[in-house]
There are 2 protein chains.
Amino acid sequence: MSREASAETDVLLRRHGLQVTAQRLAVLRAVSDRAHRTADDIYRVARAEIGAISSQAVYNTLTALTDKGILRRIQPAGSPARYEDRVGDNHHHLICRTCRRMIDVDCAVGDTPCLTAADDSGYEIDEAEVIYWGRCPECVAGPRSRAVTHHKETAREEKDRRV
Amino acid sequence: MSREASAETDVLLRRHGLQVTAQRLAVLRAVSDRAHRTADDIYRVARAEIGAISSQAVYNTLTALTDKGILRRIQPAGSPARYEDRVGDNHHHLICRTCRRMIDVDCAVGDTPCLTAADDSGYEIDEAEVIYWGRCPECVAGPRSRAVTHHKETAREEKDRRV
DNA sequence: GGCTGATCTAGACTCACTCCAAGGTTGGGG
DNA sequence: CCCCAACCTTGGAGTGAGTCTAGATCAGCC
């Protein structure tokens, strides 16, 4: 995220009635810098950046921002929650069963049609969360012992910039 | 599950190379009796039924049965894992954000079309997991303080038989 | 610059597993 | 009917992810 984007972020927080703090800016930067980070990743990235931040502040901030709809929380089975700042465009996720890498995919059907279940049983549906499970090209090619690593940030992953 | 169904269950286990034990039968019965139970629910139901079973045995059994594809594990955000015996028919789930109640919904589109993402990015997709989030009719009607109860089995829930 | 509520901090705590170990029981093939 | 691998039991320790609490600090309005 560039210098001028920081001012934007500033406004974004204020618009939602949130105070602007160094911690919140760092968290937002960590998330927008790379999608699908875990709370722990974000904690370490933010700490590296601003020197001091507690993991609680990270959790608080992520919860606050998720509640305000600024961030989106994704919680795939067997994995800690991950966060992204791409909200409101109803895209979905594709996760590799072997290396747990997650990428975005656009909605298969179109605009927001995924929101329509065949029978909603009277529920007021506000979100359809779609997770495609499979294996990524690399894991299909070479099924090395990367299995079920609830990996932190790996060197390999570093190259996966925002999609 | 009725008396004669127990014989079926027997065969089911054997077919997958698993020994037939009282504990496994009790676990299977607890799951098929009502879908979407948690490991803890199953533990208590099974214990009530056969008198003695350790939580380890429940976890072992659930893991074994899930691995064999006899049960399906669902792990929604902010909730412990839940189990169901309705496998292989590609149905989805609808969860109330307020009371966490979960019900089945049939696939919105048809047979197994949910498996098709717009762009699979070279991934080999084998499952599409869809979770619809919303609020159930009761929580819409009366938003009482049931919020975010990671409830155990409540009296109210008892009436939700298999869908 | 002062005040006040929003936010941050450290650290204890909970929950849902998960993984031993070591001994006891039991299903089912031979 | 015997045997042994598969299974279960108690008990305890450990872990990852998140939650709670109480007190300190800070943003931003006046």
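Here is the naming used below: chain letters follow the sequence lines, and residue numbers restart at 1 for every chain.
Between B/Arg47 atom CZ and D/dC8 atom P there is a gap of 15 Å when expressed in whole angstrom units. What separates OH of B/Tyr43 from P of C/dC15 is a distance of 16 Å, to the nearest Å. The CZ atom of B/Arg100 sits 16 Å away from the P atom of C/dC15 (whole-angstrom rounding). With rounding to whole Å, B/Ile53 atom CD1 is found 14 Å from C/dT26 atom P. Note: CG (A/Asp41) to P (D/dG16) measures 14 Å, nearest angstrom. Here C/dA10 presents its C1' atom at 13 Å from CG of A/Asn60, a figure rounded to the nearest Å. As a whole-Å value, the separation of A/Ile50 CD1 from C/dT9 C1' is 12 Å. In this structure, the CG atom of A/Asp10 is 12 Å from the P atom of D/dA27, given to the nearest Å.
Set against C/dC8, C/dG28, D/dT9, the side chain of B/Arg14 has C/dG28 as its closest nucleotide. Taking every side-chain heavy atom of A/Pro80 into account, D/dG18 is the closest of D/dC8, D/dG18, C/dT7. Of the listed nucleotides (D/dC8, C/dC17, C/dA10), C/dC17 has the atom at the smallest distance from the side chain of B/Tyr59.
Between atom CG of residue A/Leu18 and atom CG of residue A/Leu13 there is a gap of 6.0 Å, rounded to the nearest 0.5 Å. Atom OG of residue B/Ser55 and atom CG of residue B/Leu62 lie 11.0 Å apart, to the nearest 0.5 angstrom. Between the CZ atom in A/Arg100 and the CD1 atom in A/Ile95 there is a gap of 7.0 Å [rounded to 0.5 Å].
Classification of B/Asp126 and A/Arg97 as a salt-bridged pair holds, one side-chain N sitting under 4.0 Å from a carboxylate O.
Checking B/Glu127, B/Glu124, B/Glu129 one by one against A/Trp133, the side chain to side chain donor-acceptor pair (under 3.5 Å) holds for a single residue, B/Glu129. Applying the side-chain contact (heavy atoms from CB on, under 4.5 Å) test between B/Leu71 and each of B/Val87, B/Thr63, B/Asp85, B/Thr61 identifies B/Asp85 as the sole match. Paired with B/Arg82 under the rule side-chain contact (heavy atoms from CB on, under 4.5 Å), one option of B/Met102, B/Gln75, B/His93 passes, and it is B/Met102.
Residues from residues 62-70 of chain A that place a heavy atom under 4.0 Å from any atom of DNA chain D: there are none. Of the residues in residues 16-23 of chain B, those with a non-hydrogen atom less than 4.0 angstrom from any atom of DNA chain C are B/Gln19, B/Val20.
Mapping B/Ser54 and A/Ala39 onto DNA chain D by nearest heavy atom places B/Ser54 at the nucleotide closer to the 5' end. Residue order along DNA chain C, read from the 5' end via each residue's closest nucleotide, puts A/Arg24 first among A/Arg24 and B/Gln75.
When atom types are taken as modelled, the side chain of B/Asp41 and the backbone of B/Thr38 share a donor-acceptor pair closer than 3.5 angstrom.
Counting only N and O atoms by type, the side chains of A/His36 and A/Asp104 include a donor and acceptor under 3.5 Å apart.
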